[in-house]
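Written below as structure tokens is the structure these notes are about.
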Amino acid sequence: MTAESFAPKSDFIRVLQERGYIHQASDLAGIDALAAEGGLTTYTGYDCTAASLHVGHLLSIMMLHWLQQTGGRPVVLMGGGTTRVGDPSGRDETRKILTLEQIEANKEGIKKTFSRFLSFGEGGGEAVMVDNAEWLTKLNYIEMLRDIGRHFSVNRMMSMDSVRLRLERDQELSFLEFNYMILQSYDFVELNRRFGTRLQMGGSDQWGNIVNGIDLGRRMGTPQLYGLTCPLLTTASGAKMGKTAAGAVWLDAGMLSAYDYWQFWRNTEDADVARFLKLFTLLPLSEIDRLAALQGAEINEAKAILATEATRLMHGAEAAEQAAETARKTFVEGTLAASLPSVAVPRSVLEAGLGVLTAFGPEHAKLVPSTSEARRQIKGGGLRVNDVQVSDEKAVLGLSDLTAEGVIKLSFGRKKHVLLRPE
RNA sequence: GGGGGAAUGUCCCGAGCGGCAAAGGGGGCGGACUGUAAAUCCGCUGCGUAAGCUUCGUAGGUUCGAGUCCUACUUCCCCCA
């Protein structure tokens, strides 16, 4: 039975299906039946490999959001324990081993994101957050081998994608990583015992780990467990979502400003707009259908709405409106928006004269990583001061370059702008 | 434990008779065209506002000169046990 032809009884599965979240499910009818009964407890795990989650994680967070909206109970599992091991899934090489301090710091950073999407608390439908370090770090090796390890067949583990691909390519797979799937499987069983969790959701690269958890549950006597994955997100032209030149598209405002986040969504390819509206906004499908019908340049309206709605979810309405307004002034009116990112520079420096190379470089605007890069970009016509292309790398900025607003606008390419503010 | 091979421009892959800031490709960035899109074309892709400086796993050595030759070490891969 394919996801497309299935007629769901539960609101939860209906929404996921309509909006395109479902990639694979262990037993869609079974999950649907459970969800229809109400109170379906579902978990998704997040490893603490960075100080913030990025857009790649957003799909699964949205699924948890819809779960809660449709009467289910989300369990957010922080991988404080599993991160110490490192998931080999979808990885060509061993992950860097993180220190316990790093993992703890990352965990604290990641936690903040979830409160935007889920409502946490003690009640029946309230979301819960737990850390698998709580039980994984207490495992005793021999006991673990006897109670859990005996249910795993090495023959079968070797056939799992996460292991097989490494072996086929002659890439190292340490015994440490080899154990990851056992720990994740055990998490599922443990969460069933603690919270009655019946369903695990995750990205499509987690399928193997999830299926193993279902099997382990059967062998260890849990009720029937289920798995559901969402597609790995790529853009229509095939690039991985969420990686830009500047790095990952972080969800945490401290690592990526609301304005940059808005810009990320605004720059969506035409072919992705409808799909992303369904996945990353809460707009009703009827509205999305209307926006998706827009053609040519009009589709930009849909992109702006996508950006504002997605930013509203992540950073709040105020930040989203402000980002939209800043973008409108900058790109549509071509005027100078006071809310563009700005960098303070001592007035005395401007009085003495500030070389353009330095102004754009890492010391001030940070638009380019080095002054050598600034020099190259000037040759290529990529740098502008107050919207005038810089042609001379020896040019010097001074107080006379201040605009009526009392700032100097530096631009790198068409899209990246920074205001220098004297102080 | 024995034998063989490999480490190249801090994104990846990858060429490199002793004169090399080092071929080529991917990716990325910029420009043009557009609609803050895609596709296409062009340019750039070590640091330095200059003279110049620092790169080819690490440390020594040979040489006027070393990514290239020699020695040791480190890491990885393959074959045998």
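Note on naming: letters A, B, ... go to the chains in the order of the sequence lines (proteins, then strands), and numbering restarts at 1 for each one.
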* To do: Just say parallel, tilted or perpendicular for the rings of A:His54 and A:His57, cut-offs at 30° and 60°.
  => tilted

* Asked: For B:A37, does either OP1 or OP2 sit under 4.0 Å from a side-chain N or O belonging to A:Lys415?
  ->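 For B:A37, OP1 or OP2 has a side-chain N or O of A:Lys415 closer than 4.0 Å.
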
For [N], what is the paired nucleotide under Watson-Crick or G-U wobble rules, both distances under 3.5 Å?
{"N": "B:G1", "answer": "B:C80"}
{"N": "B:C69", "answer": "B:G61"}
{"N": "B:U45", "answer": "B:G27"}
{"N": "B:A51", "answer": "none"}
{"N": "B:U74", "answer": "B:A7"}

When you measure from every atom of RNA chain B, which of [range] have a heavy atom less than 4.0 Å away?
{"range": "residues 416-423 of chain A", "result": "A:Lys416"}
{"range": "residues 300-315 of chain A", "result": "A:Asn300, A:Lys303"}
{"range": "residues 362-384 of chain A", "result": "A:Ser370, A:Thr371, A:Ser372, A:Arg375, A:Arg376, A:Gln377, A:Gly380, A:Gly381, A:Gly382"}

* To the nearest 0.5 Å, how far apart are CG in A:Leu64 and CZ in A:Arg73? -> 13.0 Å

* Rounded to the nearest 0.5 Å, how far apart are CZ of A:Arg376 and OG1 of A:Thr371? ->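 One finds 9.5 Å between CZ of A:Arg376 and OG1 of A:Thr371.
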
* When the ring centroid of A:Tyr46 is compared with that of A:Phe114, is the distance short of 6.0 Å? -> yes

* Pair A:Trp265 + A:Phe280: ring centers closer than 6.0 Å ->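 When the ring centroids of A:Trp265 and A:Phe280 are compared, they turn out to be within the sub-6.0 Å range.
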
Rounded distance (Å) that lies between atom [atom2] of [N] and atom [atom1] of [X]:
{"X": "A:Phe412", "N": "B:G28", "atom1": "CZ", "atom2": "P", "value": "14 Å"}
{"X": "A:Asp260", "N": "B:U36", "atom1": "CG", "atom2": "C1'", "value": "13 Å"}
{"X": "A:Glu393", "N": "B:C47", "atom1": "CD", "atom2": "C1'", "value": "14 Å"}
{"X": "A:Leu291", "N": "B:G35", "atom1": "CG", "atom2": "C1'", "value": "16 Å"}
{"X": "A:Ile299", "N": "B:U36", "atom1": "CD1", "atom2": "C1'", "value": "14 Å"}
{"X": "A:Phe331", "N": "B:U34", "atom1": "CZ", "atom2": "C1'", "value": "15 Å"}
{"X": "A:Asn267", "N": "B:G28", "atom1": "CG", "atom2": "P", "value": "14 Å"}
{"X": "A:Glu298", "N": "B:A38", "atom1": "CD", "atom2": "C1'", "value": "18 Å"}

I'd like to check [X] versus [Y] (side-chain heavy atoms, cut-off strictly below 4.5 Å). Are they in contact?
{"X": "A:Asp131", "Y": "A:Lys107", "value": "yes"}
{"X": "A:Arg84", "Y": "A:Ile103", "value": "yes"}
{"X": "A:Cys230", "Y": "A:Met201", "value": "no"}
{"X": "A:Thr281", "Y": "A:Ile288", "value": "yes"}

* Backbone of A:Glu143 reached by a side-chain donor or acceptor of A:Asn140 within 3.5 Å -> yes

* Asked: Hey, does the side chain of A:Thr403 reach the backbone of A:Glu405 with a donor-acceptor pair shorter than 3.5 angstrom?
  -> yes

Roughly how far apart, to the nearest Å, are [N] and [M] at atom [atom1]?
{"N": "B:A51", "M": "B:C42", "atom1": "C1'", "answer": "33 Å"}
{"N": "B:C78", "M": "B:G14", "atom1": "P", "answer": "16 Å"}
{"N": "B:A6", "M": "B:G16", "atom1": "C1'", "answer": "16 Å"}
{"N": "B:U54", "M": "B:U8", "atom1": "P", "answer": "22 Å"}
{"N": "B:G24", "M": "B:A15", "atom1": "C1'", "answer": "7 Å"}
{"N": "B:U58", "M": "B:G26", "atom1": "C1'", "answer": "30 Å"}
{"N": "B:A7", "M": "B:C70", "atom1": "P", "answer": "14 Å"}
{"N": "B:G67", "M": "B:G19", "atom1": "C1'", "answer": "12 Å"}

* Asked: Should the pair A:Lys303-A:Asp270 be classified as a salt bridge under the 4.0 Å nitrogen-to-oxygen rule?
  ->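 Answer for the salt bridge query: yes.
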
* Asked: Is any NZ, NE, NH1 or NH2 atom of the basic residue among A:Glu333 and A:Arg328 found under 4.0 Å from an Asp or Glu carboxylate oxygen of the other?
  -> yes

* Syn or anti for B:C17, with syn set at within 90° of 0? -> anti

* To do: Report the C-alpha distance between A:Gln206 and A:Gln200 in whole Å, list the side-chain angles of each, state the deciding distance to 0.1 Å, and finish with yes or no for side chain to side chain donor-acceptor pair (under 3.5 Å).
  => CA-CA 10 Å; A:Gln206 291 300 309; A:Gln200 178 180 178; over 6 Å; no

* Where each residue is assigned the nucleotide of RNA chain B containing its nearest heavy atom, which of A:Leu357 and A:Ala327 is assigned the position nearer the 5′ end? ->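 In this pair, the answer is A:Ala327.
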
* Want to settle it: does A:Gln389 or A:Thr358 sit nearer the 5' end of RNA chain B, counting the closest nucleotide to each? ->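 Upstream on the strand: A:Gln389.
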
* Indicate, with a heavy-atom threshold strictly under 4.0 Å, whether A:Gly355 touches base, sugar-phosphate, or nothing. =>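 Contact class for A:Gly355: none.
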
